[in-house]
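One structure is given here, and the rest of the page talks about it.
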Amino acid sequence: MNYEQIIQLALERGFYFPSCEIYSDASAGFWEYGPSGVSLKNKFIELWRRELVRRDRMWEIDGSQIMSQSVFTASGHLSSFADPIITCQKCKSIFRADKLIAEVTSIVVPENAEIEQFDRVISEKDVRCPKCKGSFDNAKKFNMMFKVGIGPQSEAAYLRPETCQSIFVDFPRLYKTMRGRLPIGVAQIGKSFRNEISPRQSLLRLREFYQAEIEVFCNPNKLNEIDRFSEVENTEIRLMVDDDTIKQVTCREALESGMLPNKLVTYYLALLVEFYQKTGIDVSKSRFRKLGDKEKAFYASVAFDFEVETTIGWLELVACNYRSDYDLKNHENISKEKFEVLDDNIKVLPHVFELSMGIDRSLYTILEHSFREDKEHDRVVLSLKPYLAPIHVGILSLVKKDGLAEKTEEVFSKIRTGYDAFLDHSGAIGRRYRRLDEVGAPFAVTIDHQTLQDDTVTIRTRDSMNQERIKISDLESHLSKETRFP
RNA sequence: GCGGAGUUAGUCCAGCCCGGCACGACGUCAGCUUCCCAAGCUGAAGGUCGCGGGUUCAAAUCCCGCACUCCGCACCA
C-alpha cells in the first residue's frame, strides 16, 4: 500500500534488492531483480509487446548499450545533457551556475554557454555562496552520461542515456529493408544509463534502468490522417493542460476541443492508457500532464508526461515527446546519411513522436496498486492480473503422506513447462496459501485424498479464496483460460 | 553535494549513554501432530554488529574517515 510496505515485500519475496549489497563500496542507484521481479517484468514486457508493438504493427529492435561519441554529438547530449556546476571552496555546496547567477545578478547566462562565461560573471559580480559566503571554484560541466574507453587506446564512447538513439541511427537501414510506410513505429526494450547526482527510492530513480521506448516516424503534414484513430475515439483519458485541473474526456473530445494537437498524438496516448489499464494500474489515478517550456527536454517541441498517483505522490511513468525532426536532421548533418523517405512519392524528412516508458517505475506502481491488506482474513494479497503474476499456480499436497506427495509431483510435472508453477509440500496448508497470496499467485491447486480416488483436485482462487473441484485432465485448459493475456 | 536521522541474521528490532559470551519476535528448514486457510510441539540453520582505521588487556558499544539508506534542500536529460 505504501512505499515501505512495497520495499519490504520486494526484499522478502525476491522482487528486487540492492546491487552488490555484500560490498561496502557498492554505489547507490543500482538494483537487481530477483526471481519474482524478473517473472513479473517478463510478463509486463510481453503485455507491452502485445498491446503496443503487435497491435500497431511496430518493428522491435535491440541496440547496443555503448554508442559512439558522434551519436551524442548529433543528439545534443554532449552539450545539452550537462549542467554547469560550481562548488563552494569553503562549505563544498554545489550549485547550478546559471541558476545561481540569474538569482543573484539577474544576468542570464544560457545553460549551454562556454564555461569561461560563468567564471567571468562570477568574478565580475563577486557572486558568493548563499550559504556561507565562501567563494567558488571554477565552473565545471557535469555531464550525466557515463563515458567509457573502447580498446587499448580508450577511445571515447558512452553508455546510452536513452535507448531511442539506436532507433534513430538504425532508421535508414530499417526503412530500406523492412518495407514499411509512414507512420512507422519502432520499439525497443533495453537499459539506459544516467549518472544521477542523487539516486533515490530504489526503482524510482536509478543510474541503470530499463526503458521501453517507441519512436513513431510520421509525415508532419499528415498528423490527422490516422485511420486507426477510430479504434480509440471513445477511449477515455485524463488530461491536465494549461491549468491544474484534470479533465476526463474521450479521445474525440480531446481532439475536437484542441486539448490535444492532432490525431497521431491522441491515438498513441490512447494506446498507452489502454495498455496501462491492462497492467492493473488504477488509471482513474492517472493523468497526461502537458509540460511547460521550462520543463521540457531540450529535444521536445510538445511534451506530455503520463503520471500516476502513488503513496509518494505523482510518479512519471512515460514521457511522450513530439521530437519533430530534431534527431533525424542532426544525425543527417553529422553522419551525411540520408534520412528522407518517400511518402506518396514526395520526399519527406519524418518527424518523430516518442513514448518513452520507464519499466522499473511501472513495475513499482503495479506492485503498489495491486497490494492490499485483507484484514478480515489476516493476510496480505498481491492482486496482480493473472497474466502478470510471477507464479501462476501453486501445486500443493494437503498432507505429505498416503501417497499424496507423489501424486502432487505428478500433477506438477504435467504443467511445469507451460506455466510458472510452484511445488510445495511443507507446513500447514493455510500458511502455504498465504505465501502464494503474497507473491500474487492467482491460483492454488491442492491434491487431497479424494484425488487418489477420482483424479480431481481443488483449485483455489486468490482474490475470493473460493475453491472448486475440477478434474486433473481439465486443469491445463482451466489455467490456460484464466491466465491468458487479454 | 549540503543539513538531519539511521545501518545489528531473510525481515523487524533490543543491546550503545556507562566497553566484558549479541537479546527477542517474525520468517526459513527438518521431524511430530492436525488435515482446506498464518494452530501446536520438538529441534536446527542463519551474524566479518555497513566498511576501514584508531584507542584499549578487551570495541556492536568510545574516537576518526568513508560508503550506503531514509527525510529535507538542490538536481532530475
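Throughout, a chain's letter reflects where its sequence line sits, starting with A, and its residues are numbered from 1.
For B/C35, the base has no donor-acceptor partner in the side chain of A/D448 [N/O atoms by modelled type, under 3.5 angstrom].
Distances were taken from every side-chain heavy atom of A/L398 (C-beta onward) to each of B/A38, B/C37, B/C36; the shortest belongs to B/C36. In this structure, of B/C35, B/C75, B/A39, it is B/A39 that holds the atom nearest to the side chain of A/A428. The nucleotide whose nearest atom lies closest to any side-chain atom of A/T446 is, among B/C37, B/U11, B/C36, B/C36. In this structure, of B/G31, B/C37, B/U11, it is B/C37 that holds the atom nearest to the side chain of A/M465. Of the candidates B/C36, B/C12, B/G31, B/C12 carries the atom nearest the A/Q8 side chain, counting heavy atoms from C-beta on.
Contacts of A/R460 with the nucleic acid, taken as non-hydrogen atoms under 4.0 Å apart, include base atoms. Contacts of A/S426 with the nucleic acid, taken as non-hydrogen atoms under 4.0 Å apart, involve only primed sugar atoms and P, OP1 or OP2.
Within the 4.0 Å cut-off from OP1 or OP2 of B/A38, not a single side-chain nitrogen or oxygen of A/R431 is found. Contact annotation: A/K401 side-chain N/O to B/U33 OP1/OP2 distance is not under 4.0 Å.
Under the ring-ring contact (aromatic ring centres under 6.0 Å, His included) test applied with A/F306, the options A/Y276, A/Y268, A/F275 reduce to a single match, A/Y276.
Looking at heavy atoms from C-beta onward, A/R462 lies in side-chain contact with A/S383 at the 4.5 angstrom threshold.
Each of A/Q467 and A/R435 was assigned the nucleotide of RNA chain B with the nearest heavy atom; the assignment lying further toward the 5' end belongs to A/R435. Residue whose closest nucleotide on RNA chain B sits further toward the 5' end, between A/I447 and A/M144: A/I447.
A/R431 contributes no side-chain N or O that, together with a main-chain N or O of A/S426, makes up a donor-acceptor pair within less than 3.5 Å.
Note: CG (A/D424) to P (B/C37) measures 17 Å, nearest angstrom.
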Dump every N/O contact between nucleotides 67-69 of chain B and the protein below 3.5 Å, one line per pair.
residue, atom, partner, partner atom, Å
B/A67, O2', A/S24, O, 2.6

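As the counterpart of B/U42, B/A30 is assigned, both hydrogen-bonding distances of the Watson-Crick or G-U wobble pattern falling under 3.5 Å.
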